[in-house]
Amino acid sequence: MLVEREADTAVASANQGYPWKPTPAVRLSMLLHAAAVATVAMQPALWPWALGAVAANNLLLTAAVFWPRGRVLGANLVRLPAAAAERKEVSLTFDDGPDPEVTPRVLDLLDRHQAKASFFCIGEKAAAYPHIVREIVRRGHSIENHSHRHSNAFAFYGLFRLKRELESAQAVVAGITGRAPRFFRAPMGLRSPLLDPVLAQCGLRYVSWTRRGLDVMHRDPERVLQRLASGLAAGDILLLHDNGYSRTRDGTPVVLAVLPELLDRIQAKGLRLVTLVAASYGTSS
Ligand SMILES: [Zn+2]
């Protein structure tokens, strides 16, 4: 009964899809594939040329996968909309949670600065820690979609598996909070050339970042802080992680060592930290 009710909630709060419009590069790539097939059908002897053209095209598409802030494969929010920047808004985003040790401490630090943030949760972790997900929302932050299992191979999944990854995480979050995420960020920022139509079906918008702290790579909080704070301006989307994988020498999660000073600097510049939903839709939920 409970499961049925959760499923109903998930369906009721699912996003409306939108029509998929391929980017010029993707459209050209689809045309090239069709032309290659037609060429081989009519002139079989030309198969090496057709194969070469398709291989070159796929190489370019693969290069685009490793360009997280690029727009070749689809729309990509790398900064907040102009209206949000005019309101002096900045969005802090946290990937890879929720984590039972780190996330509650991140929430306390944000509260101290009356800051709101967006948490790109992994579906499986959200399902494991629903009370933390509820607490994130209760304190006025938003939950967004960071795939269900966060696989290293995500960027190379086919359409079916991509859809399953996005929809599973949508359903978990909607089942816990009553609201499906509106934004998606790919694991490690590596975006499949096939992702865009799936985002459209799920009614999700793709987000990368303006600057990222690389806090999962660096153990030195000062370095992470510099990457995020130097040149910081209204409209920026900042990326940190609340998974606790990276620790300072004394064992403190790097994100917790960076946040107090980062929040102070943002406040000192007169910038307001808001969720991606508030910045993009002018509403908190
Ligand atoms: Zn991640």
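Just so you know, ligand 1 is whichever comes first in the structure, and atom 1 is the first atom listed for that ligand.
For the pair V277 and E144, the minimum side-chain heavy-atom distance is below 4.5 Å.
Looking at H146, its N, O or S atom nearest to the Zn ion (ligand 1) turns out to be NE2. Of all N, O or S atoms in D96, the one lying closest to the Zn ion (ligand 1) is OD1.
R191 and D196 are joined by a salt bridge, as a carboxylate oxygen and a charged side-chain nitrogen come within less than 4.0 angstrom of each other.
Checked against the 6.0 Å centroid criterion, the rings of F184 and F154 qualify as a close aromatic pair.
Environment of CZ in R211: crowded, with over 12 heavy atoms of neighbouring residues, nucleotides or ligands closer than 6.0 Å.
The Zn ion (ligand 1) has an N, O or S atom of H150 closer than 2.8 Å.
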